[in-house]
Amino acid sequence: FCFNGGPGSSSVWLHLGMLGPQRVKMSDDPKPLRPPAQLIGNPYSLLDTTDLVFIDPVGTGFSRPAEGEKKQQFHGYDEDLRSVGQFIHDYTTKYGRWGSPKFLLGESYGGLRAAGLSGELQKRYRMYLNGIILVSAVVDFQTLRTGERNDLAYSLFLPSYAATAWYHKALPEELQRLPVNEVFAKAKTFAYGPYMQALLRGDALSQEQRADVISEMSKLTGLSAEYLEQANLRVGMSQFGKELLRSRKRVVGRFDSRYSGVDSDHVGGSTEHDPSGVVFFGPFTSAMNQYLRDVLEVKEERIYEILTSKVHPWDYSEFTNRYVSASSTLRTSMRDNPYLKVFAACGYYDLATPGFALEHTRDHLNLPTELRDNFTTEYYEGGHMMYVHEPSLKKLRGDLLKFYKSALEAKIQGTE
């Protein structure tokens with residue numbers, strides 16, 4: 001069962017970018033495409049291994065509340081889990097698939113949904129899963145929301161800043177000579193070590209320590225020491241996207257920081273637009289509308305909502321005065337079903353949901369020692385939608401085939 005996130009996103013990205021029998025033809029080089037989009041065969045589809053059910057939650061795609069029904073019963077954290085969970089139950093029952101292995105695959109907010117569904121399906125329907133695949137996912141908003149005295153997120157974004165600066169050749173020569181994975185690893189060590197310690201100390205940090213941290217941070221991010229001093233060591237994603245290539249009069253993308261674009265000015269403190277988002281939205285929208293009518297022969301005149309704000313406001317009321325998180329639900333599901341395995345796919349150039357943030361979530365699930373190997377992570381040389389980069393898509397398919405095999409052959413440590 002596959003779904004994207006948003007909230008407010010249809011499953012078009014996974015359908016025509018990664019998993020389906022056809023995919024949008026994209027360039028491996030980060031540059032805009034001339035419209036209209038082209039659909040090509042997808043040799044990296046998983047249809048030879050697993051059946052795929054793409055879910056467009058209510059309000060996205062062609063899915064709408066029935067006449068007389070209020071949208072509020074679908075548009076919230078709990079509401080979404082109930083409606084999507086019921087769909088999975090009803091589909092499984094109608095098509096006689098209770099005896100089949102079951103996996104969830106969620107991208108972005110779909111990771112939070114997948115983690116939450118693992119609990120909803122177990123508690124409400126006693127449906128136990130074999131695996132969960134998290135693609136560029138978030139499970140705990142504390143790992144992403146900078147500010148509000150949450151210094152953790154600044155630390156977790158830093159390795160992605162380093163990878164981005166490396167890609168745009170903005171780092172010192174000794175770092176540019178290294179492969180991106182080594183630069184990323186060095187940045188992780190710094191982020192969890194000296195940088196995090198400096199943030200924790202706050203105003204108690206000595207001037208000497210502060211100067212040392214700024215110097216190393218400048219080397220790893222491509223930002224000047226003067227800028228980091230003025231930012232008080234804390235640089236949000238949009239600030240970074242505006243500042244890194246300011247001297248070149250370019251800004252970098254949020255979904256995929258390999259892409260760069262031009263804002264209307266070069267003096268602001270944050271980006272005006274996402275140069276990667278505008279590259280993806282048009283091709284996937286035109287391709288999906290053509291695919292639905294010509295290939296799938298769907299006779300529907302209403303708008304296929306690719307990505308909509310109409311699902312908002314999204315109800316997070318149960319998380320009042322705390323960060324939205326499904327970590328405890330995922331931990332409970334893995335504890336109660338020790339055969340449940342989780343695979344996380346992360347892009348080095350993802351500035352929307354950085355991979356290090358998901359690693360932090362993974363490492364703070366408080367799983368018993370024997371279950372920690374049930375959660376594995378792989379990185380790809382792409383962004384949030386790493387599958388638009390064909391070498392990453394090819395690697396992702398290979399990694400998923402191994403994951404499916406391991407999940408279906410899973411044994412409980414010490415008992416079998």
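Reckoned from all heavy atoms, side chains included, excluding hydrogens, waters and symmetry mates. For this chain, numbers begin at 1 and follow the sequence in order.
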Inset, instruction - Give the intermediate values and the outcome of side-chain contact (heavy atoms from CB on, under 4.5 Å) for residues Glu173 and Lys169. - result: CA-CA 9 Å; Glu173 183 58 32; Lys169 295 180 171 53; over 6 Å; no
Inset, instruction - Determine, step by step, whether Thr376 and Val342 satisfy the side-chain contact (heavy atoms from CB on, under 4.5 Å) criterion, reporting the C-alpha distance in whole Å, the side-chain angles of both residues, the deciding distance to 0.1 Å, and the verdict. - result: CA-CA 6 Å; Thr376 55; Val342 180; over 6 Å; no
Inset, instruction - Could you walk me through whether Asp263 and His273 pass the side-chain hydrogen bond (donor to acceptor under 3.5 Å, both in side chains) test, one step at a time? - result: CA-CA 7 Å; Asp263 275 354; His273 79 300; 2.9 Å; yes
Legend entry - Audit row: Ile132, Leu330, side-chain contact (heavy atoms from CB on, under 4.5 Å) steps and yes/no: CA-CA 10 Å; Ile132 295 174; Leu330 182 59; 4.0 Å; yes
Inset, instruction - In sequence, state the C-alpha distance, the side-chain angles, and the governing distance for Phe343 and Leu396, and then conclude on side-chain contact (heavy atoms from CB on, under 4.5 Å). - result: CA-CA 11 Å; Phe343 176 84; Leu396 183 54; 4.2 Å; yes
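For Phe184 and Tyr379, the gap between ring centers is short of 6.0 Å. In this structure, Phe240 has its ring center closer than 6.0 angstrom to the ring center of Tyr161. Tyr44 has its ring centre no less than 6.0 Å from the ring centre of Tyr387. In this structure, the ring of Phe1 has its center no less than 6.0 angstrom from the ring center of Phe103. Checked against the 6.0 Å centroid criterion, the rings of Tyr349 and Tyr167 qualify as a close aromatic pair. For Tyr259 and Phe280, the ring centers are positioned less than 6.0 Å apart. A ring-centre distance under 6.0 Å is found for Phe284 and Trp13.
No hydrogens or angles considered: nothing links the side chains of Ser108 and Thr353 as a donor-acceptor pair under 3.5 Å. Between the side chains of Thr146 and Arg234, not a single donor N or O lies within less than 3.5 Å of an accepting N or O. For the residue pair Tyr404 / Asn130, no side-chain donor-acceptor distance below 3.5 Å is found, with atom types taken as modelled. Gln86 and Ser83 share no donor-acceptor pair across their side chains, judged by distance under 3.5 Å alone. For Gln22 and Asn42, the side-chain atoms include no donor-acceptor pair closer than 3.5 Å. Side-chain atoms of Glu226 and Gln230 include no donor-acceptor pair closer than 3.5 Å. Between the side chains of Ser10 and Thr60, no donor-acceptor pair of N or O atoms lies under 3.5 Å. Looking only at atom types and distance, the side chain of Asp56 has a donor-acceptor partner in the side chain of Ser11 under 3.5 Å away. Donor-acceptor pairing under 3.5 Å is recorded for the side chains of Ser264 and Glu272.
Checking side-chain atoms of Gln176 against main-chain N and O of Ala170 turns up a donor-acceptor pair under 3.5 Å. Arg254 contributes no side-chain N or O that, together with a main-chain N or O of Gly277, makes up a donor-acceptor pair within less than 3.5 Å. When atom types are taken as modelled, the side chain of Ser257 and the backbone of Gly253 share no donor-acceptor pair closer than 3.5 angstrom. In this structure a side-chain-to-backbone donor-acceptor pair under 3.5 Å is missing from Thr271 to Gly241. Although no hydrogens or angles enter the test, the distance criterion places no donor-acceptor pair under 3.5 Å between the side chain of Asp151 and the main chain of Leu200. Remark: the backbone N or O of Ala191 is paired with a side-chain donor or acceptor of Ser155 at under 3.5 angstrom. A donor-acceptor pair under 3.5 Å links the side-chain atoms of Lys71 to the main chain of Lys310, judged by distance alone. Between the side chain of Asp28 and the main chain of His389, no donor-acceptor pair closer than 3.5 Å is present. Formation of a donor-acceptor pair under 3.5 Å by the Ser218 side chain with backbone atoms of Ser215 is not found in this model. Checked by atom type and distance alone, the side chain of Arg250 never pairs as donor or acceptor with a backbone atom of Ser247 at under 3.5 Å.
Using a 4.5 Å heavy-atom cutoff, the side chains of Lys186 and Leu178 are in contact. Side-chain contact between Val180 and Glu381: present, with at least one pair of heavy atoms (C-beta onward) separated by less than 4.5 Å. Contact of the Lys219 side chain with the Leu171 side chain is not registered, since no non-hydrogen atoms from C-beta on lie closer than 4.5 Å. Side-chain contact between Asp140 and Val324 is absent, with no heavy atoms from C-beta onward closer than 4.5 Å. Phe281 places none of its side-chain heavy atoms less than 4.5 Å from the side chain of Ile306. Looking at Leu121 and Tyr128, their side chains never come closer than 4.5 Å, going by heavy atoms from C-beta outward. Contact check for Asp80 versus Pro57: side-chain heavy atoms found under the 4.5 Å cut-off. In this structure, the side chains of Leu205 and Leu233 come closer than 4.5 Å at one or more pairs of heavy atoms.
Ring pair Tyr77/Phe319 is perpendicular by interplanar angle, where above 60° counts as perpendicular and below 30° as parallel.
Atom-to-atom distance recorded for Gln122:CD and Asp336:CG is 6.0 Å, nearest 0.5 angstrom. To the nearest 0.5 Å, the span separating CG on Asp399 from OG1 on Thr377 amounts to 11.0 Å. For the atom pair Leu16 CG and Lys25 NZ, the distance stands at 16.0 Å (nearest 0.5 Å). The structure places OG1 of Thr164 at 8.0 Å from CE of Met237, a figure rounded to the nearest 0.5 Å. Distance check, rounded to the nearest 0.5 Å: CG of Leu156 to CG of Leu144 gives 8.5 Å. How far CG of Leu52 is from OG of Ser45: 6.0 Å, rounded to the nearest 0.5 Å.
Counting heavy atoms of neighbouring residues, nucleotides and ligands inside a 6.0 Å radius, atom CD of Glu174 exceeds 12 of them. When the shell of 6.0 Å around CZ of Arg124 is examined, it contains 12 or fewer heavy atoms from other residues, nucleotides or ligands. Other residues, nucleotides and ligands place no more than 12 heavy atoms under 6.0 Å from the CD atom of Gln290.
Cation-pi geometry between Lys341 and Phe403 is not met at under 6.0 angstrom from the ring centre and within 45 degrees of the axis. Within the cation-pi definition used here (under 6.0 Å to the ring centroid, within 45° of the axis), Arg113 qualifies as a partner of Phe3.
Between Lys394 and Glu390 there is no salt bridge, since no side-chain N of the basic residue sits under 4.0 Å from a carboxylate O of the acidic one. Glu229 has a carboxylate O that lies under 4.0 Å from a charged side-chain N of Arg210, or vice versa, which qualifies the two as a salt bridge. Between Lys242 and Asp265 there is a salt bridge, with a side-chain nitrogen of the basic residue lying less than 4.0 Å from a carboxylate oxygen of the acidic one. Taking 4.0 Å as the cut-off between side-chain N and carboxylate O, Lys188 and Glu359 count as a salt-bridged pair. In summary, Glu120 and Arg82 do not engage in a salt bridge, as defined by a charged side-chain N under 4.0 Å from a carboxylate O.
Considering all non-hydrogen atoms of both residues, Leu228 and Thr221 come closest at CD1-OG1, 4.4 Å. Shown here for Gly222 and Ala165, the closest heavy-atom pair between the two residues is N-CB, 4.2 Å.
Among the candidates Arg397, Lys395, Lys402, the single residue satisfying the salt bridge (charged side-chain N to carboxylate O under 4.0 Å, His left out) test with Glu378 is Lys395.
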